[in-house]
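Notes follow the structure.
Lettering of chains follows the sequences in order, A, B, ..., and the numbering in each one begins at 1.
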Protein chains: 2
Amino acid sequence: MSSEVIDTPTKILRATLELLEAPGAKLPTMSDIARATGISRQAVYLHFPSRTDLLVAATRYQDRQNQVDAALAPSRGARSGAERLDAFVTAWGNYIPKIYGVARAIMAVTDTDAEAAAAWNTRMQDMREGCAAAIQALAEDGSLPPDTDIEQATDLLWTLLSVRNWENLTQTCGWSQECYIATIRGLAMATIARDLGALTDVLACTDPPA
Amino acid sequence: MSSEVIDTPTKILRATLELLEAPGAKLPTMSDIARATGISRQAVYLHFPSRTDLLVAATRYQDRQNQVDAALAPSRGARSGAERLDAFVTAWGNYIPKIYGVARAIMAVTDTDAEAAAAWNTRMQDMREGCAAAIQALAEDGSLPPDTDIEQATDLLWTLLSVRNWENLTQTCGWSQECYIATIRGLAMATIARDLGALTDVLACTDPPA
DNA sequence: CGCTTGCTTGACACAGTGTCAATTGACAGC
DNA sequence: GCTGTCAATTGACACTGTGTCAAGCAAGCG
């Protein structure tokens with residue numbers, strides 16, 4: 001067990017993540033977070049000037065913990081464009097569950113809080129770069145349908161891979177993670193890389209019904 | 001011009017919709033709505049017990065105004081399953097922009113307000129029935145890939161047609177409505193009805209860039 | 001005239017965010 | 001041991017937004 005001394009900002013971030021990741025979590029208030037951390041509400045403000053700052057810091061902390069770069073690395077080593085697309089979809093799709101708790105919280109305040117919206121957009125923009133790279137690789141292979149707009153293909157892949165779609169399929173519809181991955185992979189491979197064989201994976205998943 | 005007398009609840013609903021549909025609208029407060037209606041804040045509470053009730057009532061009022069049933073009717077008259085899927089995707093895709101303002105507001109409070117979430121879910125469940133009917137028609141035609149789970153196919157179509165996806169592509173990425181429709185139609189037709197010809201419409205849209 | 005209906009004004013409770021000031025306790029350096 | 005500093009505490013406060021309550025007012029109607 002690690003008995004290292006943890007500084008207060010880190011303690012706050014950990015407590016925040018724990019609250020956000022709790023099953024069926026409500027959006028925690030600053031009081032909730034302070035209580036969970038074991039300090040006073042004001043002490044939280046000593047380290048994070050606002051709720052939004054704290055949420056943003058929590059996402060960054062989480063990315064560091066999860067080493068998102070490492071998770072997405074395999075896709076960068078792919079030989080062909082199709083392979084790269086495949087690897088990227090799988091890697092990101094499997095990364096989503098790890099960030100979903102925090103993502104939910106950020107997305108929830110996005111409509112009322114411009115700063116949070118900006119933070120979330122930045123994060124999604126990072127992911128979009130992965131999409132763009134995969135599309136670029138396909139383009140260099142000539143695996144993209146003729147006259148394809150690179151931007152448009154990126155938009156589509158980015159949308160298919162959105163956290164909202166993952167949420168809809170796995171949380172609302174009760175799909176298993178495997179089923180989600182197989183379907184989205186098939187969709188992306190078939191419609192973007194025009195690998196029609198990939199269609200066999202779509203809707204061919206046997207899930208134990210929720 | 002209609003110079004009919006309009007009762008106060010209706011006035012409130014109309015003012016609310018107007019605020020919600022304003023370009024770049026923030027989520028209106030009860031005070032905003034009262035001001036826009038031209039009555040006192042308390043008067044709003046005389047007709048709608050809470051903000052959530054008002055938002056829900058506004059969506060119902062809007063559905064009545066837009067005659068959502070009529071808009072989706074053509075799909076019910078389709079001869080083949082594929083035709084039905086096609087018509088449904090087009091009809092719903094073109095209906096989304098009409099409800100987007102209100103949808104945004106409801107979705108925004110969904111994370112904090114269980115009642116709003118329920119109202120929104122009901123509405124989306126109604127749409128899901130349209131998806132299910134189209135899938136059913138495909139199944140009866142035998143146009144679905146073998147061993148396809150009907151529920152799963154419905155989930156997928158329902159997710160593809162989500163307001164969030166429309167929002168992402170048209171609002172965030174700046175796609176035109178036509179482009180959105182063409183792409184989602186192609187995606188649905190290709191991956192669910194396995195009409196591979198439909199893929200030619202995907203990513204083949206020339207938009208004036210935003 | 002008096003009653004009802006719909007609305008008004010103004011006050012209030014409550015939750016949540018964010019700010020401020022005074023205080024405490026620990027710890028380091030001289 | 002004294003002093004300064006830093007982190008945290010307590011308690012108060014302003015502000016926004018929701019929702020409640022009570023008293024009053026004006027119009028219409030029997």
Side-chain angles (χ1 to χ4, degrees), chain A residues 3-16 19-20 22 25-59 102 104-120, chain B residues 3-16 19-20 22 25-59 102 104-120:
Chain A
S3 64
E4 356 118 44
V5 176
I6 306 165
D7 62 353
T8 306
T10 305
K11 271 194 219 156
I12 296 171
L13 291 173
R14 291 195 186 173
T16 305
L19 287 176
L20 288 172
K26 298 264 155 287
L27 299 180
T29 66
M30 293 299 258
S31 301
D32 293 334
I33 291 166
R35 202 174 317 118
T37 311
I39 60 176
S40 69
R41 193 173 66 94
Q42 313 319 319
V44 179
Y45 283 101
L46 250 34
H47 301 283
F48 302 97
S50 77
R51 197 185 128 82
T52 301
D53 284 86
L54 173 51
L55 284 179
V56 170
T59 72
V102 186
R104 244 183 80 243
I106 298 260
M107 292 189 298
V109 296
T110 263
D111 307 82
T112 51
D113 187 329
E115 204 186 325
W120 180 244
Chain B
S3 65
E4 356 118 43
V5 176
I6 305 166
D7 62 353
T8 308
T10 306
K11 272 195 218 156
I12 296 171
L13 291 172
R14 291 196 185 172
T16 304
L19 287 176
L20 289 172
K26 299 263 156 286
L27 299 181
T29 67
M30 292 299 256
S31 301
D32 293 334
I33 291 166
R35 201 176 315 118
T37 311
I39 61 177
S40 69
R41 191 173 68 93
Q42 315 318 319
V44 179
Y45 282 101
L46 289 176
H47 301 284
F48 301 96
S50 78
R51 199 185 127 82
T52 301
D53 284 87
L54 173 51
L55 285 178
V56 171
T59 71
V102 186
R104 244 184 81 245
I106 297 263
M107 292 189 299
V109 296
T110 262
D111 307 82
T112 51
D113 186 327
E115 202 187 327
W120 180 245

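A 4.5 Å side-chain heavy-atom check between Thr10(A) and Arg14(A) finds at least one atom pair inside the cut-off. Contact annotation: the side chain of Ile39(B) never approaches that of Lys11(B) to less than 4.5 Å [non-hydrogen atoms, C-beta and beyond]. Considering only heavy atoms from C-beta on, Leu55(A) comes within 4.5 Å of Leu20(A) through its side chain. At least one side-chain heavy atom of Leu54(A) sits less than 4.5 Å from a side-chain heavy atom of Met30(A). Contact of the Ser50(A) side chain with the Tyr45(A) side chain is not registered, since no non-hydrogen atoms from C-beta on lie closer than 4.5 Å.
The side chain of Ala43(A) lies closest to dA8(D), out of dT18(D), dT19(C), dA8(D). Closest approach to the His47(B) side chain among dA8(D), dC7(C), dT9(D) is made by dC7(C) (side chain taken as heavy atoms from C-beta onward). With dG16(C), dA12(D), dG17(D) as the choices, the nucleotide that has an atom nearest any side-chain atom of Gln42(A) turns out to be dA12(D). Taking the side chain of Ser40(A) as heavy atoms from C-beta on, and the options dT10(D), dT18(D), dT19(C), the nearest nucleotide is dT10(D).
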Open item on the list: If you apply the rule side-chain contact (heavy atoms from CB on, under 4.5 Å), what do you find for Val44(B) with Arg41(B), and how did you get there?
Closed with: CA-CA 5 Å; Val44(B) 179; Arg41(B) 191 173 68 93; 5.7 Å; no
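In terms of heavy atoms, Val109(B) sits closest to Ala116(B) at CG2-CB, 3.5 Å.
Across all strands shown, Ile39(B) has heavy atoms under 4.0 Å from sugar-phosphate atoms exclusively, and none from any base.
When the local axes at the two ends of the helix from dC1(C)-dG30(D) to dC30(C)-dG1(D) are compared, using 5 base pairs at each end, they differ in direction by 20° after rounding to 10°.
Taking atom OH on Tyr45(A) and atom C1' on dT10(D), their separation rounds to 16 Å, with Å as the unit. In this structure, Ile33(A) places its CD1 atom 12 Å from C1' of dT17(C), rounding to the nearest Å. Per the geometry, CZ belonging to Phe48(B) stands 13 Å off P belonging to dG19(D), to the nearest Å. Atom-to-atom, CG of Leu46(A) to P of dT5(D) comes out at 17 Å; the value is rounded to the nearest Å. In this entry the distance linking CZ of Arg51(A) with C1' of dT19(C) reads 18 Å, nearest Å.
Nearer the 5' end of DNA chain C, as judged by each residue's closest nucleotide, is the contact made by Gly38(B), out of Gly38(B) and Arg41(B). Along DNA chain D, the nucleotide closest to Pro9(A) and the one closest to Met30(B) are compared, and the more 5′ of them pairs with Pro9(A).
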